Amino acid sequence: MKPARTRFAPSPTGHLHLGGARTALYAYLLAKQTGGQFLLRIEDTDVKRTVAGAEQEIIDGLRWLGLDYDEGPDIGGKFAPYRQTERRAIYQRHAKVLMDKGRAYPCFCTPEKLEKTRQEQTKRKENPRYDGTCRNLAPDEAEKRIANGETHTVRFKMDQEGTTTAHDHLRGDIVTDNKQLNDQVLIKSDGLPTYHLAAMVDDHEMQITHVIRGSEWLGSFPLHVNIIRAFGWDEPTWVHLSVFLKPSGKGKMSKRDSAEANKDGHSVFIKDMEELGFTPEGVINWAALMGWGVAEDDVMTLNQMIERFSIDSLTPSPAAINFQKLDHFNATHIRLFSTEDLAARLKPYFTREGLTVNDGTLQKIIPLIRERLTTLDDCVAFGAFFFKDAVSPAPEDLVAKGLDAKRSAEVAKKCLEILSGLSSIDHATAEPALRSYVEESGLSPNQVFGLLRVATTGQKVSPPLFESMEIVGREKSLRRLENAIEILEKI
RNA sequence: GCCCCCAUCGUCUAGUGGACUAGGACGCGGCCCUUUCAAGGCCACGACCGGGGUUCGAAUCCCCGUGGGGGCACCA
């Protein structure tokens, strides 16, 4: 396949979300697989809706995901600028080309008038559409009004006869009756282009070979191919992706659904992912597989995806978001990281809890907690006690199952006696010693080890006991046991 | 209201007319392992939206329903 040039072209109006991330990912994969380029273009032609900081969030999000672009607003490139508000003259020039060809015309209708017409049409149960008032204005009159400084827009002159056939890579030919199409605004009265003009011009100028975008564009797809054909340009390959549905599969994600997701530690916004303990690898893998049909073996790194990706195996049907699957992919990738890598990724989650992390200790606990982590921040729940001087177990947790506090204290004392007798507390020495005590005492391993676990870690659920004691160290382990005995005797 | 798109286990999907007793993954249930929690191993449950065609033969092609989604702006 020839090198593909693809682009991610978001508008800076809100947070980078899952849908955008997946669109960017597919575009990135196609470009990288074919040895082409992936670029970022900011579609900020709606000045009123542009949100400060949104562009930076998009850039940060793509970087975090690992989707590095070859050309973009902050790094430049052969076809700079990559921010549409900075390309105003280019669109003006192209609008002029279309007007000269008789495929576009100035329109002097006011928004108020258009709105009124729309309401009347709706009332009459007609399809709301431009009524064509300015479509056939005499050229000299139009010119005069422009010269007079009358505010105007530029509209596309859509053929009113015949049909338009647009080809989507995933759906095949989509035939539309031209009567359904409208004379859309190309240049707004503020002089900036609408998406319809800007995106077509930029995709052509920037030599985009494959337009990968959301299926919300399917409605204006026929318009877009008409604009391109009016210019006489070649069309890119069009790939309209499916939309994401809420987990129930009933409709798109709403604000309420997002809040719901946040409640159980998930999010559809990329900016939240890191804080929630998700890895770029997990998020990417998860997002990739919603809409990309892979037969088997679906745990993949970015590089493996680049090798295996194909726009032919994308699916056109909507996909319900499944956060449990995100958990799965995240956990799976965590288990794939090297110890050093995982240590570096975990450290911030400990330090943000105010813990002082000893790097040597951190390395040692990785094998103990790695396969217990679903998200990176789970490391705190499992391993915070490694970095504390003392733990504060709940008294009731120290009482062994089936025993009372008094008896538990006796057991704890016996354990302390045994452990004190060891010159070093490690897995190899402590386990046999305590296990033989368990056997002769007639208690269950669960009772004795459970008590020791709570005493040592302060938790009922923890990494393996003896390995943990070894890392905590002899002195600290003994001190924690003594403390546990004190607590038990006070009950 | 009009237009467009989509339709396989609960969810993501494989399947491109015979290799389908419809495969995989997540989840769910069970068992094994086991000092807790995980991980791992094994097993089970579980789907071609409905109706008509076409064909020797249809999950696969066509039509009609139904359901779901998207669009109908000087927003993208």
Side-chain angles (χ1 to χ4, degrees), chain A residues 9-13 43-46 48-49 107 109-111 114-115 118 122 124-130 151-155 168 170-171 174-177 179-182 184-196 198-199 213-222 240 242-243 245 247-252 286 289-299 313 315-329 331 335 369-374 378 381-382 431 434-435 438 444-454 457 459-466:
Chain A
S11 64
T13 51
E43 311 226 324
D44 56 352
T45 54
D46 188 346
K48 292 184 292 295
R49 287 208 313 151
C107 173
C109 299
T110 63
L114 294 170
E115 180 54 33
R118 230 188 324 269
T122 309
R124 273 181 271 133
K125 298 222 157 96
E126 286 172 19
N127 292 342
R129 67 201 321 279
Y130 180 59
T151 60
H152 65 280
T153 61
V154 175
R155 284 183 185 272
D168 174 71
L170 306 181
R171 289 159 248 261
I174 297 169
V175 182
T176 308
D177 199 327
K179 286 188 189 67
Q180 298 296 332
L181 272 19
N182 210 345
Q184 293 291 343
V185 170
L186 262 21
I187 300 278
K188 299 179 279 184
S189 56
D190 64 2
L192 282 166
T194 57
Y195 173 91
H196 310 304
R213 53 166 18 177
S215 66
E216 66 269 22
W217 293 112
L218 238 25
S220 46
F221 185 24
H240 291 91
S242 62
V243 293
L245 271 23
S248 65
K250 304 276 180 200
K252 289 215 290 189
W286 173 57
L289 263 19
M290 286 187 279
W292 174 17
V294 178
E296 275 170 60
D297 186 24
D298 30 60
V299 174
S313 49
T315 55
S317 46
I321 292 173
N322 181 349
F323 288 113
Q324 286 176 318
K325 214 151 183 169
L326 169 60
D327 290 342
H328 168 255
F329 280 115
R335 275 174 248 136
I369 63 173
R370 192 199 322 257
E371 58 206 21
R372 278 162 247 270
L373 304 178
T374 297
D378 285 345
F382 278 108
E431 173 159 16
L434 286 167
R435 211 169 268 285
V438 166
S444 74
N446 205 343
Q447 288 173 309
V448 178
F449 297 159
L451 195 170
L452 283 172
R453 179 187 313 285
V454 175
T457 68
Q459 309 167 357
K460 288 207 284 194
V461 174
S462 83
L465 177 60
F466 301 108

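What you see is a predicted model, and the numbers here were worked out from it, not measured in a lab. Labels below follow one simple rule: chain letters A, B, ... track the order of the sequence lines, proteins then strands, and each chain is numbered from 1.
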Q: Has A/Thr315 got a side-chain N or O lying under 4.0 Å from the OP1 or OP2 atom of B/U13?
A: yes
Q: Within this structure, what is the CG-to-P distance between A/Asp298 and B/G24, rounded to whole angstrom?
A: 12 Å
Q: If the sugar-phosphate is the primed atoms plus P, OP1 and OP2 and the base is the rest, what is the B/S/- string for nucleotides 62-73 of chain B, using protein heavy atoms under 4.0 Å?
A: -------SSSSS
Q: Report the residues that fulfil side chain to side chain contact (heavy atoms under 4.5 Å, CB included) with A/Asp177, sequence neighbours left out, ordered by chain and then residue number.
A: A/Lys179, A/Gln180
Q: Considering residues at least two apart in sequence or located in another chain, which fulfil the ring-ring contact (aromatic ring centres under 6.0 Å, His included) criterion with A/His328?
A: none
Q: Would A/Ser462 and A/Arg453 satisfy side chain to side chain donor-acceptor pair (under 3.5 Å), going step by step from the backbone distance to the final call?
A: CA-CA 7 Å; A/Ser462 83; A/Arg453 179 187 313 285; 2.8 Å; yes
Q: To the nearest Å, how far apart are A/Asp327 CG and B/G27 P?
A: 9 Å
Q: To the nearest angstrom, how far is A/Glu371 atom CD from B/A38 atom C1'?
A: 7 Å
Q: Is there a Watson-Crick or G-U wobble partner for B/U66 with both distances under 3.5 Å, and which nucleotide is it?
A: B/A7
Q: Partners of A/Phe466 by ring-ring contact (aromatic ring centres under 6.0 Å, His included), sequence neighbours excluded?
A: A/Phe449
Q: Measure the distance from CZ on A/Phe221 to C1' on B/A76 and round it to the nearest whole Å.
A: 17 Å
Q: How far, in whole Å, is B/C42 from B/C26 if one measures between their P atoms?
A: 12 Å
Q: Regarding A/Arg213 and A/His240, do their side chains bring together a donor and an acceptor under 3.5 Å, going by distance alone?
A: yes
Q: With sequence neighbours left out, write down each residue that passes side chain to side chain contact (heavy atoms under 4.5 Å, CB included) with A/Thr315, or none if nothing qualifies.
A: A/Ser317
Q: Please determine, for the side chain of A/Ala320, which listed nucleotide (B/G24, B/C12, B/C2) has the closest atom?
A: B/C12
Q: Could you tell me whether a side-chain N or O of A/Ser444 sits under 3.5 Å from a main-chain N or O of A/Gln447, the two making a donor and an acceptor?
A: yes
Q: So does A/Leu245 get a backbone contact from the side chain of A/Lys250, meaning a donor-acceptor N/O pair under 3.5 Å?
A: no
Q: Expressed in whole Å, how much space separates the C1' atoms belonging to B/G18 and B/C3?
A: 39 Å
Q: With the sugar-phosphate defined as primed atoms, P, OP1 and OP2, and the base as all remaining atoms, what B/S/- string results for nucleotides 30-37 of chain B, 5' to 3', for protein heavy atoms under 4.0 Å?
A: -----BBB
Q: Rounded to whole angstrom, note down the P distance from B/G24 over to B/G65.
A: 37 Å
Q: Under a 3.5 Å cut-off for both contacts, is B/A59 paired Watson-Crick or G-U wobble with anything, and if yes, with which nucleotide?
A: none
Q: When you compare the side chain of A/His152 with that of A/Cys107, does any pair of heavy atoms fall below 4.5 Å?
A: no
Q: Starting at atom CG of A/Leu326, determine the distance to atom C1' of B/G27, rounded to an integer number of angstrom.
A: 14 Å
Q: Under 4.0 Å between a side-chain N or O of A/Thr45 and OP1 or OP2 of B/A76?
A: yes
Q: Ignoring the backbone of A/Ser317, work out which of B/C26, B/C75, B/A7 is nearest its side chain.
A: B/A7
Q: Rounding to a whole Å, what distance do you find between A/Phe329:CZ and B/A39:C1'?
A: 17 Å
Q: Return the value, rounded to whole Å, for the distance between atom CG of A/Leu192 and atom P of B/C74.
A: 15 Å
Q: In whole Å, measure the gap between the C1' atoms of B/C20 and B/A59 for me.
A: 9 Å
Q: Given atom CD of A/Gln324 and atom C1' of B/C9, what is their separation to the nearest angstrom?
A: 15 Å
Q: Using a cut-off of strictly less than 4.0 Å, decide whether A/Lys188 has a side-chain nitrogen or oxygen near OP1 or OP2 of B/A76.
A: yes
Q: Can you check the distance between B/G15 and B/A22, where both ends of the measurement are the C1' atom (answer in whole Å)?
A: 8 Å
Q: If you check the A/Thr153 side chain, which of B/U11, B/A76, B/C74 turns out closest?
A: B/C74
